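All figures in this text were calculated on a predicted structure; none of them were measured in a lab. Letters A, B, ... are given to chains in the order of the sequence lines, protein chains preceding strands, and every chain is numbered from 1.
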Amino acid sequence: MPLIPLPRSFYAREPHAVARALLGKLMVRVDGRGRLRVGRIVETEAYHQSDPASHSYIGQTPRNQIMFGPAGYAYVYFTYGMHYCMNVVCQQEGEAGAVLLRAMEPVEGIAAMAKARGIELPLQPTTKQLRSLTSGPARLAEAFSIIRTRDNGIDITRKTSGLYFADDGASVSKIITTTRIGITKAVEKKWRYLIEGNPFVSK
DNA sequence: GAGGAGATCGTCT
DNA sequence: GACGATCTCCTCT
């Protein structure tokens with residue numbers, strides 16, 4: 001099945017709708033040699049501008065300006081002095097919303113993911129070992145070689161960007177919501193979305 | 001399996 | 001000058 005990038009209209013909605021809709025979709029990375037890395041999204045978090053936990057809450061700054069632009073672009077930030085995290089920008093221009101990708105199920109290019117993570121995998125990796133590749137926002141960013149200087153602000157609706165999202169028709173069993181992870185503000189909001197029972201979610 | 005410390009630097013006050 | 005949308009490693013149980 002050909003993987004067609006999801007259109008900009010998919011992202012031009014409020015973050016909760018996008019966070020929910022992204023579950024079960026594929027993230028596709030094509031590197032310079034044309035090799036594919038593909039993961040199925042199993043966990044997301046929604047962040048909108050009026051949300052104290054969001055980077056956009058304080059208003060536009062050089063760091064977060066991508067979130068204030070049009071939907072369908074990547075917002076990549078650097079945190080804790082060593083980690084990158086991958087978001088998709090949603091909502092309409094002028095309103096800064098984003099969805100953080102928190103966990104994926106590795107689908108294709110597993111060897112390349114392991115190499116990017118600096119992990120040695122056996123020929124027949126266990127579920128636990130596959131989990132360690134992409135079950136966490138910084139882990140999946142590293143597995144897909146996502147870095148701020150190259151990937152922040154790229155257009156994720158174009159195949160030529162080398163990073164986009166696609167629908168392979170897979171259905172999602174059941175979506176549940178919980179509180180978000182690793183934040184200190186608005187901790188009570190249940191704005192984390194995940195596929196119930198999926199072994200690849202974080203924590 | 002749970003819990004805590006340390007790593008390490010860009011960003012904003 | 002403080003702290004973060006995190007991860008790994010180590011210790012203790």
Side-chain angles (χ1 to χ4, degrees), chain A residues 11 14-23 27 39 41-69 71 73-91 95-106 113-121 125-153 156 163 165 176-195 199-203:
Chain A
Y11 305 99
E14 60 90 21
H16 298 292
V18 178
R20 195 175 277 273
L22 274 174
L23 293 178
M27 184 165 93
I41 300 166
V42 299
E43 179 181 341
T44 58
E45 282 179 1
Y47 289 87
H48 60 82
Q49 196 174 344
S50 58
D51 170 11
S54 173
H55 292 169
S56 60
Y57 182 71
I58 58 173
Q60 189 168 349
T61 69
R63 180 201 200 191
N64 66 22
Q65 64 169 329
I66 297 300
M67 268 197 287
F68 286 80
Y73 289 81
Y75 169 52
V76 179
Y77 66 86
F78 181 71
T79 191
Y80 291 107
M82 61 188 76
H83 297 304
Y84 295 105
C85 294
M86 167 75 192
N87 298 249
V88 302
V89 176
C90 40
Q91 242 166 23
E95 285 189 62
V99 171
L100 170 71
L101 305 184
R102 283 199 55 89
M104 292 188 182
E105 173 178 350
M113 293 184 201
K115 187 178 177 192
R117 293 267 294 118
I119 293 174
E120 293 264 354
L121 282 187
T126 63
T127 298
K128 185 179 176 184
Q129 288 169 322
L130 290 177
R131 252 182 60 83
S132 71
L133 292 178
T134 52
S135 66
R139 286 174 169 181
L140 73 87
E142 187 172 58
F144 279 71
S145 303
I146 288 167
I147 59 173
R148 188 185 61 81
T149 48
R150 181 183 58 212
D151 299 312
N152 188 40
I156 54 173
L163 183 64
F165 296 84
I176 59 174
T177 64
T178 75
T179 54
R180 294 175 291 183
I181 309 286
I183 54 172
T184 56
K185 300 161 192 160
V187 293
E188 75 288 353
K189 303 281 194 260
K190 291 192 167 181
W191 290 346
R192 173 176 177 237
Y193 296 83
L194 52 94
I195 299 176
F200 293 93
V201 301
S202 69
K203 300 214 160 174

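- Between Glu95(A) atom CD and Gln49(A) atom CD the span is 7.0 Å, to the nearest 0.5 Å.
- Note on Thr79(A): every side-chain N or O is 4.0 Å or more away from OP1 and OP2 of dT6(C).
- For Tyr77(A) against dA5(C), a side-chain N or O and a base N or O form a donor-acceptor pair under 3.5 Å.
- Remark: P of dA5(C) and CZ of Arg192(A) are 16 Å apart, rounded to the nearest angstrom.
- Between Arg148(A) and His83(A), the one whose closest nucleotide on DNA chain B sits nearer the 5' end is His83(A).
- One can place OH of Tyr80(A) at 13 Å from C1' of dT8(B), the figure rounded to the nearest angstrom.
- Which of dC7(C), dT8(C), dC12(B) sits closest to the side chain of Arg117(A) comes down to dT8(C).
- Rounded to whole Å, atom P of dC3(C) lies 15 Å from atom CZ of Arg63(A).
- Take the nearest nucleotide of DNA chain C for Ala53(A) and for Arg139(A): the residue whose nucleotide is more 5' is Ala53(A).
- Atom NZ in Lys185(A) sits about 16 Å away from atom P in dA2(C), given to the nearest Å.
- Between Thr134(A) and Ala143(A), the closest heavy-atom pair is CG2-CB, 3.9 Å.
- For the pair Arg131(A) (side chain) and Val201(A) (backbone), a donor-acceptor distance under 3.5 Å is present.
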Passes ring pair (Phe, Tyr, Trp, His ring centres under 6.0 Å), Tyr75(A) versus Tyr73(A)? Steps please.
CA-CA 7 Å; Tyr75(A) 169 52; Tyr73(A) 289 81; over 10 Å; no
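- In this structure, the CD1 atom of Ile146(A) is 13 Å from the P atom of dC7(C), given to the nearest Å.
- Nearest-nucleotide positions on DNA chain B for Gly81(A) and Lys128(A) put Lys128(A) closer to the 5' end.
- With rounding to whole Å, Arg131(A) atom CZ is found 13 Å from dG1(B) atom C1'.
- The side chain of Ala138(A) has dC7(C) as its nearest neighbour among dC7(C), dC12(B), dG4(C).
- Of the residues Arg102(A), Arg20(A), Arg180(A), the one that meets the salt bridge (charged side-chain N to carboxylate O under 4.0 Å, His left out) test with Glu45(A) is Arg102(A).
- Ile183(A) comes within contact range of the sugar-phosphate backbone alone, with a heavy-atom separation under 4.0 Å but no base atom that close.
- Pair check for dC9(C) finds dG4(B); Watson-Crick or G-U wobble, both atom distances under 3.5 Å.
- Once the 5.5 Å centre distance and the 30° plane angle are applied, the aromatic ring of Tyr47(A) is found stacked with the base of dA5(C).
- Rounded to whole Å, atom P of dT8(C) lies 11 Å from atom CE of Met82(A).
- Per the geometry, CG belonging to Leu133(A) stands 13 Å off P belonging to dC7(C), to the nearest Å.
- Using atom P as the reference point in both dG3(B) and dA5(C), the two lie 23 Å apart (nearest Å).
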